[in-house]
Every structure is written in C-alpha cells, then in structure tokens.
Amino acid sequence: MSGFDLSGLKASFGGERVLGPLSLRVREGEKVALVGKSGAGKSTLIRLIHEQVGRNSSLVPQDLGLVNALPVFHNVFMGQLDKHSTWYNTLTLIRPFAADRAAVKDLLNDLGLAEKLWIPAASLSGGQRQRVAIARAIYRNESLLLADEPVSALDGPRAHQVMSLLRDRFATSVIALHDVELALQYCNRIVGIQDGLVELDEPSDRLSSSDIMSLY
Amino acid sequence: MALKLIRKFVASSLLFVTAASASAETFVFTAIPDEDETRLVERFRGVADYLSEQLDVDVRYIPVKSYAAAVSAFRNNQVQLAWFGGLSGVQARRLVPGSEAIAQGVEDEAFQTYFIANTSTGIDPAEDLASLEDQLRGKTFTFGSKGSTSGRLMPEFHIRETFEEAPEDFFARVGFSGNHTRTLRLVEAGTYEVGALNFQVWEKELENGNIDTNAVQVIWETPAYPDYQWTIRGDVNERFGDGFKERVKEALLALDDQELLESFPRSGFIPASNEDYEPIRKTAEEIGILD
Amino acid sequence: MLSYPTVRASLIFVAVAVVGLLFADIAITASNPWRDLGNFFLGVVTPNFFSSEGLLTALLRTVAFAFVGVALGSFFGFLLALVYRLLPVRIFCAFIRAIHELFWALIFLQFFGFHPLTGVLAIAIPYSGIFAKVYSEILEEADPEPRRLLPPGTGMIAAFLYARIPDVWDQMRTYTAYRLECGLRSSAILGFVGLPTLGFYLEASFSQGLYSDAGAMLILFYVLIATIPLWVRPKLLPIYILAAPFFLGEGLPIVWGNVERFFTEDIIPAPLRSGEGMAGMVPWLSDLMVNEAMPGIWNTVLLTQIALVATGILALLAFPLISNHFGGPVRRTSGHVFLVIARSTPEYILAYILLQLWGPSMLPAVVALALHNGGIIGHLIGRQTNTLRLRPDAITGFNRYTWELVPRVYRSFLAFLFYRWEIIMRETAILGILGIYTLGFYVDSAIQNIRFDRAMVLILITALLNIGVDALGRYIRRKLALQTMPTC
C-alpha cells in the first residue's frame with residue numbers, strides 16, 4: 001500500500017498562490033519524476049505530499065537535514081528513530097548495537113561511503129552529505145520515496161548508481177529532478193509542473209527529452 | 001588620570017551629600033548586630049533620641065551588618081561611640097589609642113553564655129561541661145557571629161579547654177549563625193543540634209514566650225565574664241567640645257527609661273573601664289583570635 | 001561517541017564531579033526543610049509591599065549604584081581596551097576582574113566605610129576589567145577593509161572613529177546594556193555587606209523569617225530586571241547617568257587618613273608590622289597556608305567542579321522548557337518565567353535563601369549555582385534551538401531532544417559552560433561568606449578578626465585561582481574549537 005490519491009493540493013506564499021489547486025494519484029509501483037523549472041513548485045509539491053501521507057514514506061529533502069555533530073552512522077540510523085523505543089535510541093546514541101552497525105555499514109557500502117561510517121557529518125563534502133541523506137531514506141525502509149533533487153550534487157556515474165539504487169529499493173517513488181535524462185531513464189511516469197500546475201503527465205516511454213524541454 | 005576623575009566624582013557627590021547634613025556636627029554611633037535587625041533599629045533609635053536630648057547635638061545611629069563593620073566604623077572615626085561586645089570592644093580599643101570603655105550594663109559585669117541543645121538529642125543539662133563530652137561529641141554545633149564574645153569567644157574557649165580539641169574536630173559540623181536570635185531559632189528547629197548564645201537573649205525570649213521549651217533547652221551555663229560596654233573615641237572632646245566625653249558617660253549612666261533599658265535588656269548602666277576587659281583580651285589571645 | 005573530544009572532555013568533568021561528591025559535604029541538615037521551603041513560597045505568593053519604609057529607597061539605591069558603577073566601568077574599560085594589546089594591561093585587567101564585587105566592597109569598607117564610593121568602586125573596578133576584555137575583543141573583530149580604504153594620512157583618532165567604532169557600535173551597545181543587568185544584580189547583593197541596596201533589607205527580612213517582606217523585594221527586583229527594555233532607553237541614558245550619583249545616599253564621610261593607614265599598616269603582614277622581619281614571615285605564611293588557604297582552595301575547587309557539572313545538567317534539562325520544538329505556548333511561557341527567575345536571582349541570594357531553609361552544607365551552594373548558571377545557559381541554548389529548522393520528517397518528543405537538538409547545540413553548550421567556569425569559581429569563593437568553607441569563609445573570618453593582612457593574602461590567592469581557571473577554560477575551549485559570546 002504505497003500509492004496515494006491526493007486532491008485539492010495547493011499552497012500560497014505571501015498571499016500569492018504558488019501551487020495548485022491540483023490532484024495527484026500515484027499507484028503502487030509507479031516511479032514518478034517531477035520535472036519543471038526551478039521555482040515551478042516541485043519542492044512545494046513534495047512537501048505537501050509528505051504532509052499528507054505522513055510517516056509512511058521515506059523523505060530526502062533538498063536541505064538534507066543532517067545533524068552535523070553526529071557521525072554518519074547516527075545520521076543514517078535516524079531514519080528509524082520512530083520505529084524503536086526511546087531507551088533503545090538513547091543507548092544507540094551512546095553505543096550502537098552490532099546488528100544496526102552491520103546493517104548501516106552494508107547500506108553505506110552500496111553508496112561508496114563505508115569508510116566514512118564514524119566521521120561527523122560536518123566534515124563531509126556536499127556529495128557525500130547527499131548520499132548520507134539518501135542512506136537515511138533507504139534505511140527507513142518504507143516503500144514510498146519522496147525525494148527532492150536527491151542527486152543534484154553527485155557526478156555522472158555516481159548519480160546513475162544512486163538513481164538505480166533508489167529504483168530498486170522503493171516500490172513507489174516521487175522524485176523531483178531537474179536532469180531530464182535521469183528522469184526518463186529511471187522513472188516510468190513524468191509529471192511536468194509549470195507555474196504551480198500540472199502541465200504534463202505521461203508515462204516516460206511515450207516521451208522524449210525534447211517533449212519535456214518545452215517546460216523549461 | 002583615573003584617580004583624578006574618581007576624586008572629582010567623589011568631590012562632587014560629597015558636596016551634594018554634605019550640603020544636606022553638615023550644618024552641625026553629628027554625633028554618630030553604632031552597635032554590633034547581635035540580634036534581629038528590626039529590634040536593634042528600634043532600640044538604638046530610642047537611644048539616639050535620648051542622647052540627642054541630653055547632649056544637645058544631632059545624634060544618629062547607623063546599623064551595620066557585621067561585628068567587624070562596627071569595629072571598622074569606630075576605628076575609621078565614622079562613628080564616635082559604639083555598643084560593643086567584650087571582644088569587639090577589646091579589638092576596637094586596641095586599634096584606636098585613647099578610646100575607652102565608659103559604661104556597661106549592670107548584667108555585663110557577670111555575663112554568661114548558655115549552651116543549648118535540641119531536645120531530640122536527649123542531652124540532659126549538666127553542672128560541668130566535661131561530663132557532657134560523650135553526648136556532645138559528633139553533634140552539629142553553631143556559634144553566633146564570628147566576632148561575638150558570648151556567641152563565639154567564650155564558648156570556643158570552654159570547648160577547647162575542656163575537650164582539648166578545636167570545635168571543628170570535636171563536632172561533626174560547626175557553623176556561624178550570625179547572631180544570637182538566629183542561633184536560638186536554628187537549634188530550636190533542629191538545623192543544628194547544639195548551639196551557644198548570649199544568656200540575656202535567651203532569658204528575654206523565654207520571658208516573652210518566644211521559645212518552644214519542648215524543642216530546645218539550656219544544657220550548660222559558662223562561668224561569668226565581663227561583656228558588653230559602651231566605648232567612646234578619645235578625640236570626641238576636640239570635635240564636640242570640652243567635657244563631651246564626660247557628658248556622654250553621665251547621660252548613659254543616668255538612662256532610666258525602663259522601656260528602653262528593657263529592650264537591651266539591661267536593668268541599668270554602670271561605669272566601666274578598659275581594665276575590666278583584660279580577661280577577654282587574654283582569652284582571645286589564647287585561642288588565637290587576637291594577634 | 002567516545003571518540004569525540006567534546007564527549008570525552010564532558011565525561012572527564014563528570015567523573016571529576018562524581019569523585020568530588022564523595023568528598024563533599026552534601027546534606028540537608030534542617031529538620032523540616034520542606035515546611036520552611038513551603039513557608040517561603042507562601043511568602044512569595046503573599047508579598048507584603050508595604051512592610052518596610054526603606055523598600056523603595058533600597059530599589060532606587062540599587063539602580064543608582066548599578067548605573068554609576070557600570071557607567072564608570074564602561075568608561076575606564078573602554079580606555080583600557082584601546083591599550084589592551086599591552087601585556088601589563090591584560091594582566092592588570094585579568095587581576096581586577098578576578099576579584100569579586102563583594103570582595104572589593106569588603107576591602108573598600110575598611111577605609112571608605114559606608115560611603116557611596118565603596119559600592120560604586122566595588123562594581124566599577126571589576127567591571128572595568130571585564131569591559132576592557134570584551135570591548136577589545138569586539139574592536140578586534142571590526143572589519144579592517146574600511147580602514148584600508150581611508151585616504152592616506154588620515155589621523156589615528158579619525159580613522160578609529162570613522163572606520164572602527166561605527167562597525168562595532170551596535171555590538172558594544174548591546175553588550176553594555178546587557179552588563180547593566182549584571183550590574184543590577186551586583187548592586188543588589190552589595191547590601192549583604194551593609195551598603196544600602198536591596199540585599200540589606202532582604203537579609204534583614206530573611207533572617208527574621210519575614211518571608212512576605214522578602215517575597216515582595218524579590219518580586220520587585222524581578223520586575224525591575226524584566227522591564228529593563230522599557231525603562232532603559234538610549235535617549236534617557238544620559239539623564240540616568242547624570243542623576244544616579246545623587247541617589248546613592250549619603251552614607252558617612254570619608255576620612256582620608258584611613259586610606260593611607262590601610263595601605264601602609266593594615267595590609268602589611270603582621271610579622272613585618274611588628275618588626276619581626278622576614279624570620280617571622282615563614283611561620284606566619286605557613287600557618288595561613290595550612291590552616292586557611294589550603295582548606296579554602298580545596299573546598300572552593302571541589303564545590304566549583306560539582307556545581308559546574310550540575311549547571312551543565314540543569315541547562316540541558318532546562319532548555320526544552322523554552323524551545324519551540326516542544327510543548328505548547330502555555331508550557332513555554334511558564335518555562336520562560338522559570339528561567340527568567342532562575343537567571344535574574346543572583347547565586348548569592350539563592351544560596352542565602354537555600355542555606356536558611358536547608359541548613360548548612362555544600363548542597364544549597366551547588367543548587368544555587370546550578371539554578372542561576374543553568375538558567376542562563378539553558379536560556380541561551382533554548383533560544384538557539386528556536387533558530388533551528390528541522391526536516392519535515394524529523395522525529396518528535398524525547399528522540400528529537402537526544403538526536404536532533406542536543407547534538408546540534410552541544411558545542412555551544414560546552415562553550416558557554418567553560419566560559420562560565422571561572423564565573424562559577426568566583427561565586428563559589430564568595431559563597432564562603434555565608435558559612436560554606438570556601439575561600440570566602442576564611443577571607444570573611446580574617447576580616448571579622450580585623451586581620452586585613454591575612455584577608456588580602458587570601459583574596460590574592462582567590463584571584464590567582466580564578467585567573468588559573470580562566471586560562472584553563474580558554475585553553476580547553478581553544479582545544480575543542482568552541483566559540484562563544486561573553487555572558488555574566
């Protein structure tokens with residue numbers, strides 16, 4: 001049950017409508033790419049969806065929300081804080097349990113970050129930080145992914161590696177992307193946003209990058 | 001330059017304050033803060049009014065927060081007369097050559113300290129301190145003020161002499177309550193198990209019904225020693241005219257306002273001299289309070 | 001987590017405090033402490049504003065002493081800040097600020113007596129040292145660019161006034177205003193040694209168990225501090241500063257001969273005064289060190305370390321009270337009230353109250369120091385968390401506290417704590433006057449016995465101890481790369 005059907009989505013900023021009203025229905029198994037100019041309302045839409053579907057989703061916000069003072073391990077583990085008891089979380093803060101350590105380490109291996117496990121997030125580069133946020137989302141282990149530009153700071157091969165990982169790990173996803181090629185390659189449905197409204201909504205196999213470019 | 005500015009500042013603020021009060025010389029006196037402040041202020045304002053009437057000068061009482069502050073004010077010539085305890089009087093007269101004890105209370109010739117204990121300790125009153133050794137050892141104990149004769153000097157002297165130990169070694173905990181009333185309240189409440197205080201304060205509070213005798217009782221009385229006295233500076237005649245010292249002395253000895261005397265509490269004042277307090281000086285030197 | 005230097009440093013301090021607890025005298029000796037505490041709170045909620053005729057005068061004097069003291073301190077502090085890079089100036093400033101206001105007051109009382117100057121200088125002198133340090137730090141941080149772009153040949157003073165002061169003016173003003181609040185607290189406690197400020201009446205009411213009178217004074221004091229933004233206006237400041245000297249009260253006239261006597265006789269060590277010479281100094285000094293200085297230092301350090309850790313724990317527990325990451329507006333408002341009260345009440349007054357209620361031991365001092373300092377740090381950290389924006393899916397409740405907030409604020413928390421280390425020690429020493437056996441106890445005893453030579457040596461030792469802890473605190477902050485703004 002990782003799909004959703006939302007309607008009446010809208011948002012205003014300073015009295016001015018920046019998004020909607022619009023409806024979005026996503027079925028289980030759909031991998032949706034949100035495309036469009038920056039400022040079109042993609043991030044706002046991701047935020048609204050997250051507010052509606054709540055905790056049953058994994059989120060990668062644009063500003064990542066890492067705790068700089070904590071090591072990578074803890075930043076990843078934070079994806080499951082609401083699934084453990086408070087005392088478990090508190091003990092983990094002081095000394096992580098072996099099983100969690102192994103699980104996080106495996107995950108970071110896939111992301112090429114294994115050797116950074118105990119490094120504070122503050123000393124990571126931008127791309128590394130982004131991957132830590134992705135690791136947290138995967139570790140959360142929900143079937144719905146909501147991600148806002150999750151690979152913006154990653155170079156080519158790394159971006160592909162991460163996108164395919166996200167495709168494999170989440171049954172359903174809604175990802176805001178400015179890279180049209182990535183959108184077409186890793187998603188099966190493209191939703192184009194322009195001036196806060198849905199301008200385009202097609203399966204990706206019916207689109208080419210030039211169709212999408214008209215939105216920009 | 002900093003000093004200059006400060007001086008200027010002082011000068012200007014002095015100018016302002018002296019303009020208000022310097023029309024005639026004011027005779028200022030103080031007293032050691034051995035009891036609750038409201039009581040002291042009441043008592044000594046009465047004395048100030050009385051002296052002002054008798055001496056025909058402005059007389060002002062200033063309250064202080066510690067025994068040492070009373071001694072310092074006297075030494076610094078900011079007060080010319082003071083109601084001192086035995087020890088503070090000795091200290092003050094050592095520091096101000098020419099000053100003398102002029103009057104003491106009738107009761108001060110043979111003053112006493114009472115050792116009191118909270119009844120929950122089960123300590124019974126005794127005739128001599130030595131027989132209380134086992135019961136007192138390891139209790140908590142409070143003096144009055146650090147500079148008090150009846151609340152510190154004499155009790156400490158007797159503790160050291162009888163038990164051959166410093167109070168802080170003999171008792172589990174030693175405190176300084178600040179004044180006699182507070183010693184009484186702290187022992188009554190059980191904050192300290194044992195304490196030592198001025199016998200006059202005890203008797204007066206007892207008479208006024210302010211003591212819960214089920215909670216606190218006297219367990220030992222010290223032998224008599226000289227205590228409180230009025231001490232005056234040697235140079236008052238130069239400031240207030242010939243014979244001024246003698247007039248102050250006469251006024252004090254003639255004080256017969258029962259209500260005022262009751263507040264001390266003393267039945268009257270009698271002449272005193274510096275020599276009367278030699279025993280106090282020796283005791284203070286013995287326990288190392290005086291150099 | 002143990003690999004983190006900040007965590008390791010914290011654990012070492014906690015361990016030291018725990019070991020310290022084994023040696024410390026921690027007890028409630030009053031037989032009925034809760035009844036007394038209850039009576040006290042009853043007094044606070046039934047304040048009697050009309051008990052003492054002196055109450056309003058005392059408030060007025062408290063404000064006047066604070067204004068004159070802080071104004072002079074700020075003036076001389078600024079002058080000193082201009083030459084602060086000279087080592088002798090830095091040492092001088094470190095020294096005068098290492099001696100607590102109450103000690104300064106006790107010193108001046110011996111020769112100025114109850115003259116307003118005693119109170120004014122007691123505030124102005126240590127504050128000059130603090131202002132000098134902070135002003136110079138602020139001036140250092142001024143943007144150097146404007147100065148380089150001035151026309152060549154611009155005079156030093158003009159360059160300073162045009163290119164340096166404007167850049168830091170706001171910061172200096174904010175800090176000075178903040179210091180005024182500290183000045184009010186300092187001014188209030190000077191009453192405890194006999195100056196005519198609030199502490200004088202507070203002590204009298206308390207010692208007689210007149211809790212409603214004491215409650216009224218405390219409430220007025222809080223109102224005074226909480227309303228500072230309303231009545232301290234830039235335009236009114238010159239008027240206040242000019243008027244304040246006239247509201248200090250008259251006190252008693254100064255006899256200048258006493259000043260000379262104090263410096264040429266009173267503070268000369270007894271053996272030198274009596275002509276025994278250096279031979280007499282050895283037994284004199286060793287007696288002083290063994291019987292007074294050593295026990296005093298031991299208790300001061302012990303109490304400081306326990307109070308420091310207690311402060312840290314309280315600050316960490318208290319900051320969620322005002323953090324908008326937790327609770328509703330009602331809880332946050334009461335949290336604010338609690339923290340305002342905790343940090344507006346000087347440690348000395350808190351310790352005095354608790355000592356009256358719980359009986360003598362180190363416990364009231366630890367609680368007082370932790371409440372006041374923990375209140376200050378908790379307030380600052382809580383405010384800092386309010387600027388944090390967490391991800392929309394951030395965890396809530398206790399997990400938010402341990403995972404999202406504490407790790408983010410821990411470094412600034414430690415920075416504040418180590419900054420206050422020296423302040424806590426300065427206060428710990430002073431609390432001795434109330435009967436806890438720290439250095440202040442022995443200083444007070446020496447003064448009570450009219451032995452100013454001993455008192456001065458002990459004050460000197462206290463100052464050196466403070467300077468040492470200040471240096472150690474700065475070293476640790478530098479080692480851990482912690483930065484902070486000054487607090488008082």
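Per chain, numbering begins at 1; letters A, B, ... match sequence-line order. Side chains included, hydrogens not; waters and symmetry mates left out as well; all remaining heavy atoms used. Here the structure is a predicted model, which means the values were calculated and not measured.
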Colleague: Could you pull out the closest heavy-atom pair between C/Leu371 and C/Phe338, with the gap in Å?
Modeller: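 Heavy atoms only, the tightest pair is CD2-CZ, 4.1 Å.
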Colleague: Is it true that a side-chain atom of A/Ser58 and a backbone atom of A/Ala137 form a donor plus acceptor pair closer than 3.5 Å?
Modeller: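 Checked: pair present.
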Colleague: Taking the six-membered ring for Trp, are C/Phe413 and C/Tyr410 ring centroids under 6.0 Å apart?
Modeller: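 Distance test on ring centres: under 6.0 Å, yes.
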Colleague: So which heavy atom on A/Gly41 is nearest to which on A/Leu19, and how close?
Modeller: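 Looks like O-CD1, 3.6 Å.
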Colleague: Quick one: are C/Leu388 and C/His325 in side-chain contact, heavy atoms under 4.5 Å?
Modeller: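 When only atoms from C-beta onward are counted, C/His325 and C/Leu388 do touch, with a gap below 4.5 Å.
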Colleague: Shorter than 4.5 Å, heavy atoms on both sides: which option in A/Arg140, A/Arg136, A/Glu51, A/Arg47 has the most such pairs with chain C?
Modeller: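 Among A/Arg140, A/Arg136, A/Glu51, A/Arg47, the one with the most close pairs to chain C is A/Arg136.
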Colleague: For residues A/His74 and A/Pro96, determine if any side-chain heavy atom of one lies less than 4.5 Å from a side-chain heavy atom of the other.
Modeller: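 A/His74 reaches A/Pro96 side chain to side chain.
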Colleague: Heavy-atom distance under 4.5 Å to chain C: side chain of A/Asp82, backbone, both or neither?
Modeller: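 Contact with chain C involves both backbone and side-chain atoms of A/Asp82.
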Colleague: Pairs in or reaching into residues 332-343 of chain C: which pass side chain to side chain donor-acceptor pair (under 3.5 Å), with residues at least two apart or in two chains?
Modeller: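 Qualifying pairs: C/Arg343-C/His379.
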Colleague: For the interface with chain A, which of C/Val406, C/Thr402, C/Asn399 has the highest count of heavy-atom pairs at distances below 4.5 Å?
Modeller: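 Going by pairs under 4.5 Å, I would pick C/Asn399.
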Colleague: Under 4.5 Å, heavy atom to heavy atom, which residues of residues 13-21 of chain C contact chain A?
Modeller: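 The stretch does not come within 4.5 Å of chain A.
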Colleague: If we only count heavy atoms from C-beta on, is the C/Leu414 to C/Ser10 side-chain gap below 4.5 Å?
Modeller: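 Yes, their side chains come closer than 4.5 Å.
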Colleague: Would you please name every residue forming a ring pair (Phe, Tyr, Trp, His ring centres under 6.0 Å) with A/Tyr88, sequence neighbours left out?
Modeller: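 Residues passing ring pair (Phe, Tyr, Trp, His ring centres under 6.0 Å) with A/Tyr88: A/His84, A/Phe97.
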Colleague: For the candidates A/Asp63, A/Leu66, A/Asn68, which exhibits the highest count of non-hydrogen atom pairs separated by less than 4.5 Å from chain C?
Modeller: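 Option with the greatest count: A/Leu66.
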Colleague: Go through the side-chain N and O atoms of A/Ser43 and A/Asp148 and say whether any donor and acceptor fall under 3.5 Å apart.
Modeller: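 A/Ser43 vs A/Asp148: donor-acceptor pair found between side chains.
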Colleague: Judged by modelled atom types alone, do A/Gln128 and A/Ser125 share a side-chain donor-acceptor pair under 3.5 Å?
Modeller: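 Indeed, the side chains of A/Gln128 and A/Ser125 share at least one donor-acceptor pair under 3.5 Å.
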Colleague: Looking only at heavy atoms, which of residues 171-178 of chain A get nearer than 4.5 Å to chain C?
Modeller: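 Interface residues of residues 171-178 of chain A: none, nothing closer than 4.5 Å to chain C.
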